[in-house]
A.B. asks: 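Submitted below is the structure of interest, expressed as structure tokens.
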Amino acid sequence: MSKEYETVIGLEVHVELATKTKIFCGCSTAFGASPNSHTCPVCTGMPGSLPVLNKKVLEYAVAVGLALNCQITRECKFDRKNYFYPDNPQNYQISQLYLPICRDGWVEIDTPQGAKKVGIHEIHMEEDAGKLIHDEWEDATLVDYNRSGVPLIEIVSEPDMRNADEVIAYLEKLRLVIQYLGASDCKLQEGSMRADVNLSVREKGAKEFGTRTEMKNLNSFRAIARAVEGEKNRQIDLLESGEKVIQETRRWDENKETSYAMRSKEDAQDYRYFPDPDLTPVSISDEFLEEIRRRQPEFRTEKMKRYREEFDLPDYDIEIITSSKHMADIFEATVALGAQPKKVSNWLMVETLRLLKEQEEDPEDIRFSPENLAKLIRLSEEKAINSTVAKEVFEVMFRENVDPEQYVEEKGLKMVSDEGALRKTVEEVIAANPQSVQDYRNGKEKALGFLVGQTMKAMKGKADPASVNRLLKELL
Amino acid sequence: MANIITDETIEYVGILAKLELSDEEREQAKKDMGRMLDYIDKLNELDTSGVEPMSHVFPVKNVFREDEVTNGDGSALTLKNAPEQKDGMFLVPKTFD
Ligand SMILES: [Zn+2]
């Protein structure tokens, strides 16, 4: 490579809002319903049907906009984006072109060079399309309109990012803010957060942007990072060999780690937008805006600050716990039930994260209740169970949210606190292992460990190792 | 007729609308579109400076619904419109994405 290049990246992020119903009708948005069961004349675009805006969608959009430092468009409306494709039963998507709900915002991301602002160009409200499934048998396409009309916001950034790390940092930031708001669970794998990457390269120092491409089908942070690298290199190779970058939409193939130009659903990119005549304009009052402001939650930075003041926790713990709203909620609720903060933190940071990783799940997927975690911590504090048993119980609780008290009772996992029974077992172990006893008396400390292990085994793990230790030393 | 629609324009509009027109239909469509644009020109004679663009026929705004499920299983009704169906879904010619 002879010249030095700079990569210019902007993102279009679609986020599925966590409403109970669709954006313009009373159909459920619940996942996993049988095909086309969540449809009605409105979300299938039947002539004569009348869409009516879901108030919650507007509230979420404004809340996200405020959290991303945007200007809220006080008089906004919806437009029709016209295109023909089987996933779109109306032949138009209701979206916002002329007066999007939010504009001119920014978020701050951390980079090795320090904090950096990424501009938010606009946020608009729109509806999702149906799902197309390829049918191998018929060599045809099957269409399910359950997703048609599910509310989305599209967050369009300025072309302010310069590499994959900044892209990931930006997405992480958006995800956190939106999760904290409860506006979406933002799961890339499940499609509730989707990112399209607009990327171009230019010679370092150039003022003009190069020709950009748009990359779709990126459903993990890893895929995004690879796609950014891959597309940057592809464009530089083109320029280096004297060719031109063509403005096009490309689809990322994660298995092949390469992208290919999509046969665009809009051969001509002419959407003939016009105002939707069925929907009334939206006028945002001071009161409405004030109400949304008042309802804004404590965001991560504030939460971290409060944790530092309220709980005696290392910064690292605070960082991890607050990196997921759901985990922070569980932490706070468990502490509120009387558990010691550091103990709660340990269960979350060590065992919970380990099991989540094992199951390839996110902290958002944690299913156990704060009540049950508090009970488990109490059981182990009161020495009703030892730490090995506690870990076993935790695993079951992690998977099935069982009540640890009940579970320990049912499975007979309570520690034997009966000193007499324990003493008897220790005596038996001593009698059965004369060699180890001899070794210990000859100064081999290790032999004691073996005898503790034998006693624990005989007690089926239900003894307090400290008591076993003490008794052994006493009897030897 | 002040507005003349060219062959290229009618071809392009045809592609956007996914319509295939016969030569006869094409000539008719050119005339119709030209007349529509003439009418728009007529409207453009009005001085609309200072008039807010109309986005709704009635002076209403802020019509919302609460986020509550009001619709049940609509699949039977929706699938009535499917020329062909399979497994509760619309069956359409193979579509590329
Ligand atoms: Zn519906």
Side-chain angles (χ1 to χ4, degrees), chain A residues 19-21 24-28 30 33-44 46 52-58 75 77 82 84-87 89 99 130 132-135 138-145 217 251 262-263 265 267-268 270 272 275-277 279-285, chain B residues 5-6 8-21 33 36-37 40 43 48 50-97:
Chain A
T19 54
K20 292 202 282 282
T21 62
F24 300 122
C25 63
C27 288
S28 166
S34 63
N36 292 303
S37 58
H38 294 169
T39 58
C40 74
V42 172
C43 55
T44 52
M46 295 306 290
V52 182
L53 179 61
N54 182 342
K55 197 174 178 194
K56 195 85 196 152
V57 173
L58 182 68
E75 303 288 332
K77 58 190 177 72
N82 298 280
F84 293 96
Y85 204 64
D87 66 0
L99 295 168
L132 302 180
I133 301 153
H134 180 60
D135 186 285
E138 308 271 355
D139 196 27
T141 298
L142 298 172
V143 198
D144 172 7
Y145 291 115
N217 193 40
R251 189 180 169 87
M262 272 167 75
R263 260 213 242 172
K265 66 169 96 168
D267 292 315
D270 185 340
R272 292 145 292 143
D276 188 293
L279 286 156
T280 67
V282 175
S283 176
I284 292 174
S285 66
Chain B
I5 304 295
T6 62
E8 291 80 59
T9 302
I10 207 73
E11 177 80 35
Y12 179 63
V13 172
I15 290 169
L16 289 178
K18 301 259 190 286
L19 288 176
E20 273 175 46
L21 301 178
M33 275 180 70
M36 281 182 232
L37 290 181
I40 301 291
L43 292 177
T48 55
V51 179
E52 277 282 303
M54 185 183 79
S55 45
H56 201 269
V57 281
F58 300 117
V60 287
K61 46 185 170 183
N62 293 352
V63 179
F64 302 123
R65 22 174 296 274
E66 294 303 316
D67 185 25
E68 273 153 28
V69 178
T70 51
N71 297 340
D73 187 339
S75 54
L77 191 64
T78 296
L79 285 163
K80 267 191 180 173
N81 295 302
E84 278 189 84
Q85 51 173 289
K86 187 186 174 186
D87 303 335
M89 288 177 274
F90 287 70
L91 185 70
V92 302
K94 190 172 167 179
T95 309
F96 292 90
D97 196 2

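To find a chain, count down the sequence lines: A is the first, B the second, and so on, and within it residues start at 1. The basis for the numbers below is simple: all heavy atoms, side chains too, and nothing from hydrogens, waters or symmetry mates. Everything numeric here is computed off the predicted structure, so don't read it as measured data.
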A.B. asks: With a 4.5 angstrom heavy-atom cut-off, is it the side chain or the backbone of A:Asn82 that approaches chain B, or both, or neither?
C.D. replies: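 Interface part for A:Asn82: neither.
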A.B. asks: Nearest heavy-atom pair of B:Lys86 and A:Asp135: which atoms, and what distance?
C.D. replies: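 Result for this residue pair: NZ-OD2, 2.8 Å.
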A.B. asks: Under a 4.5 Å heavy-atom cut-off, does chain A meet the side chain of B:Val63, its backbone, both or neither?
C.D. replies: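 Both backbone and side chain of B:Val63 come within 4.5 Å of chain A.
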A.B. asks: Identify which of A:Ser285, A:Ala140, A:Pro41 forms the greatest number of heavy-atom pairs closer than 4.5 Å to chain B.
C.D. replies: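 Highest number of heavy-atom pairs under 4.5 Å: A:Ala140.
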A.B. asks: Please evaluate residues B:Thr78 and A:Asn36 with respect to the criterion side chain to side chain donor-acceptor pair (under 3.5 Å), reporting the C-alpha separation (whole Å), side-chain torsions for both, the decisive distance (0.1 Å), and the verdict.
C.D. replies: CA-CA 7 Å; B:Thr78 296; A:Asn36 292 303; over 6 Å; no
A.B. asks: Hey, are B:Arg65 and B:Thr70 close enough side-chain-wise for a donor-acceptor pair under 3.5 Å?
C.D. replies: no
A.B. asks: Using non-hydrogen atoms and a 4.5 Å limit, figure out which bit of A:Pro277 sits close to chain B: side chain, backbone, both or neither.
C.D. replies: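 Just its backbone gets close to chain B.
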A.B. asks: Who are the side-chain contact (heavy atoms from CB on, under 4.5 Å) partners of B:Glu84, not counting sequence neighbours?
C.D. replies: B:Leu91
A.B. asks: Quick one, A:Pro89 and A:Tyr145 - any side-chain contact, counting heavy atoms below 4.5 Å?
C.D. replies: yes
A.B. asks: With respect to chain B, which residue among A:Asp139, A:Ile133, A:Thr44 yields the maximal number of heavy-atom pairs within a distance under 4.5 Å?
C.D. replies: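 Option with the greatest count: A:Asp139.
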A.B. asks: Contact part of A:Leu279 toward chain B, heavy-atom cut-off under 4.5 Å: side chain, backbone, both or neither?
C.D. replies: backbone
A.B. asks: Do the non-hydrogen side-chain atoms of A:Phe24 and A:Leu53 ever get within less than 4.5 Å of each other?
C.D. replies: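 Side chain of A:Phe24 against side chain of A:Leu53, heavy atoms only: contact under 4.5 Å found.
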A.B. asks: Taking A:Cys43, A:Pro35, A:Cys40, A:Pro275 one by one, which has the highest count of heavy-atom pairs under 4.5 Å against chain B?
C.D. replies: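 Heavy-atom pair counts peak at A:Pro35.
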A.B. asks: Give the member of A:Lys55, A:Met46, A:Lys56, A:His38 that has the highest number of heavy-atom pairs under 4.5 Å with chain B.
C.D. replies: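 Most heavy-atom pairs under 4.5 Å with chain B: A:Lys55.
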A.B. asks: Who among B:Val69, B:Val57, B:Val92, B:Asp87 has the most heavy-atom pairs with chain A under 4.5 Å?
C.D. replies: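 Of B:Val69, B:Val57, B:Val92, B:Asp87, B:Val92 has the most heavy-atom pairs under 4.5 Å with chain A.
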A.B. asks: Only counting residues at least two apart or in another chain, list the ones meeting side-chain contact (heavy atoms from CB on, under 4.5 Å) with B:Asn62.
C.D. replies: A:Val282, A:Ser283, B:Phe64
